[in-house]
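For reference, positions follow the sequence shown, starting with 1.
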Amino acid sequence: MQQAFSMAITLKSNVFPPVMIKLVPVSRLRVGMYVHDLNRDWIEHNFLRNRFLIDSDKTLQKLLALGEGEISIDTSRGVDVEEPQDAPVEPPAPPGDTPPAPGPIRLTEERQHAKKLHAEANRIVHSMMSDVRMGKQIAIEHIEPVVERIVESIFRQQDALLPLAQLKNHDDYTFQHSVSVCALMTSFARALELPREIIREIAIGALLHDVGKATIPDPILNKPGKLTDAEFEQMKTHVVQSKIILEATPGISPVALSVAAQHHERFDGSGYPNKLKGDGINQYGQMSAIVDVYDAITSNRCYHEGMPPTEALRKILEWSKFHFNPELVQVFIRSLGIYPTGSLVRLESGRLAVVEEQYPDKLMEPRVRIIFHTRGYYLKPELIDLRHSQDRIVGCEDFRQWKIDPVQWMPQ
């Protein structure tokens, strides 16, 4: 099955657009730079927007007054950081020992940032859903900053934030699902090489796609067993409610609206609420349908045990014959990797490993952390780049089967 699965993914590897975003200490900002993200909650600053050109000393002084920390700049829209003029020249490394050039942000550093961002995003969605339940309007200006940070994190190092999408608890599933779909949709849109502004709107729609569930009674929304037919019909109304709520939200784009309004439509016309079919569902709705199902079937819920990510991707691929756009499904799988980061895999040597990092041109050969042997004992953790190893992946595994806590071994 693994061979058939891998051979089905035949699209050419997408070349991701170059990252023009840099994290810069506040103290190194200067006039002419373009601020792409303040990397602060909206309550921590008094700027009207999160993106703007530093066009004067007055603006620069306001930024410097923010104190310590880092701000993201876009070097394609403003000046770059000035490098020291008399920086010492490092002697060349001996032949064969030259380390790879570090990226703009190391993966370990981005993972620490991603954990905080993931927690913040969940808090914001929780608060937003509570406001909607009380009849309050969504304040899009409270949503945009965290969405922008999610987009930037995915563009810098998507292997930092995406594994966190697998960590959910029963009580907060609705909120955590929204954050996961946002991160997954951002990665998906990036793999499609969509314009950055469109990706941002897609991410906003993804974060808000289930806002209509705030109108569903808790006994139905959180029912621990199978819904009755009547309860399921009421649950399905959350899509229409999401559309109504978002249409009344100032600043929501048609892109974001379609992500939410069409995420339960299906390519063969079997979805709801409008039974749209084929190209009657726009691209963003087709994308959100794929991502919403993937995250749902990989999540543990009180009435449903999530399946391992690789098995879920096989299911999505199988269902693309009917329910999903097959071409988009292949791009989605490429965006995650055959063995998504954070999943548990079995190696030919009989060892179990957690996938740590993907290589877009080598989907079957990620970097993994060896943790366990199938004979039943833990091993000293060891990082292995399978591109340069005689060992290879022979299948995916389920953490539960081996009584391994996925949280303990989540990529660090």
Heavy-atom pair of closest approach, residues I297 and K315
CD1-CB, 4.4 Å
Closest non-hydrogen atom pair between A203 and T186, with its separation
CB-OG1, 3.5 Å
Can you check side chain to side chain contact (heavy atoms under 4.5 Å, CB included) on H263 and V239, steps first, answer last?
CA-CA 8 Å; H263 74 278; V239 181; 4.0 Å; yes
Walk me through it: do R346 and L352 pass the test side chain to side chain contact (heavy atoms under 4.5 Å, CB included)?
CA-CA 5 Å; R346 180 197 291 256; L352 301 185; 3.8 Å; yes
Is it the case that the side chain of T374 and the backbone of G350 share a donor-acceptor pair, with hydrogens and angles ignored and the cut-off at 3.5 Å?
yes
With a cut-off of 6.0 Å (strictly less than), are more than 12 heavy atoms of other residues, nucleotides or ligands near OH of Y378?
yes
Hey, does the side chain of H238 reach the backbone of M235 with a donor-acceptor pair shorter than 3.5 angstrom?
yes
Any L184 side-chain heavy atom under 4.5 Å of L336 side chain:
yes
Measure the CD-CG distance between E311 and D398 for me, rounded to the nearest 0.5 Å.
10.0 Å
F267 vs S320 side-chain heavy atoms within contact, under 4.5 Å
no
Please assess R156 against S72 for the test side chain to side chain contact (heavy atoms under 4.5 Å, CB included), listing each intermediate value before the final yes or no.
CA-CA 11 Å; R156 287 192 298 259; S72 297; 3.8 Å; yes
Rounded at 0.5 Å granularity, tell me how far CG in N222 sits from OG1 in T174.
6.0 Å
Between E265 and A289 (side chain of the first, backbone of the second, donor and acceptor by atom type, cut-off under 3.5 Å), is there such a pair?
no
Checking D159 side chain against Q358 main chain: does a donor-acceptor pair fall under 3.5 Å?
yes
Are R351 and D391 ion-paired here, with the side-chain N under 4.0 Å from a carboxylate O?
yes
Give a yes or no answer on whether the side chain of N274 reaches the backbone of L276 with a donor-acceptor pair at less than 3.5 Å.
no
Would you mind reporting whether I138 and D131 have side-chain heavy atoms less than 4.5 Å apart?
no
Listed partners of K275 passing side chain to side chain donor-acceptor pair (under 3.5 Å), at least two apart:
none
Once the angle between the rings of F188 and F332 is folded into 0 to 90°, is it parallel (under 30°), tilted (30 to 60°) or perpendicular (over 60°)?
tilted
Mind running side chain to side chain contact (heavy atoms under 4.5 Å, CB included) on V181 and V259 for me, showing each step along the way?
CA-CA 11 Å; V181 169; V259 169; over 6 Å; no
Which atom of V354 lies closest to which atom of W409, heavy atoms considered:
CG1-O, 3.6 Å
Salt-bridge contact K236-E233 (side-chain N to carboxylate O under 4.0 Å)
yes
Quick one, P217 and Q234 - any side-chain contact, counting heavy atoms below 4.5 Å?
yes
I'd like to know if E231 and K226 make a salt bridge, using a cut-off of under 4.0 Å between side-chain N and carboxylate O.
no
I'd like to know if R123 and E120 make a salt bridge, using a cut-off of under 4.0 Å between side-chain N and carboxylate O.
no
To the closest 0.5 Å, what do you measure between CD (Q330) and CG (N325)?
10.0 Å
Work out which heavy atom in M128 is nearest to a heavy atom in V211; give both atom names and the distance.
SD-CG2, 3.6 Å
Count the heavy atoms of every other residue, nucleotide or ligand shown that sit under 6.0 Å from CG of D405, and state whether that count exceeds 12.
yes
Measure the CZ-CD1 distance between R367 and I384 for me, rounded to the nearest 0.5 Å.
11.5 Å
Could you check whether any side-chain N or O of H209 sits under 3.5 Å from a backbone N or O of A206, counting only pairs where one atom can act as donor and the other as acceptor?
yes
As an exercise, state the distance from CG of L161 to CD1 of I154, rounded to the nearest 0.5 Å.
4.5 Å
Just wondering, are more than 12 heavy atoms of other shown residues or ligands nearer than 6.0 Å to CD in Q390?
no
E197, CD atom: more than 12 neighbouring heavy atoms under 6.0 Å
yes
Take atom CZ in R387; do more than 12 heavy atoms of anything else shown fall under 6.0 Å from it?
yes
Without swapping roles, check the side chain of Q158 against the backbone of S335 for a donor-acceptor pair under 3.5 Å.
yes
4.5 Å side-chain heavy-atom contact, L38 and L63:
yes
With a 4.5 Å limit on heavy-atom distance, are the side chains of T59 and F52 in contact?
yes
Any side-chain heavy atom of S288 sitting closer than 4.5 Å to one from M185?
yes
Any side-chain heavy-atom pair of D37 and R51 under 4.5 Å:
no
Between E356 and R111, is there a side-chain N and carboxylate O pair less than 4.0 Å apart?
yes
Salt bridge check, E348 against R392: does any charged N sit closer than 4.0 Å to a carboxylate O?
yes
In terms of heavy-atom contacts, A256 and I204 come closest through CB-CG2, 4.3 Å
So CG of L208 and OG of S242: to nearest 0.5 Å the spacing works out to 8.5 Å
Can you tell whether the side chains of E152 and R196 come within less than 4.0 Å, N to carboxylate O?
yes
Quick one: closest heavy-atom pair of P366 and E357, and the distance?
CB-O, 3.2 Å
For E110 and S153, does a side-chain donor sit closer than 3.5 Å to a side-chain acceptor?
yes
Does the S389 side chain pair with the main chain of D385, one donor and one acceptor, at a distance under 3.5 Å?
no
Spell out, as yes or no, whether a donor-acceptor pair under 3.5 Å connects the side chain of T249 to the backbone of Q137.
no
Can you tell whether the side chains of R266 and D268 come within less than 4.0 Å, N to carboxylate O?
no
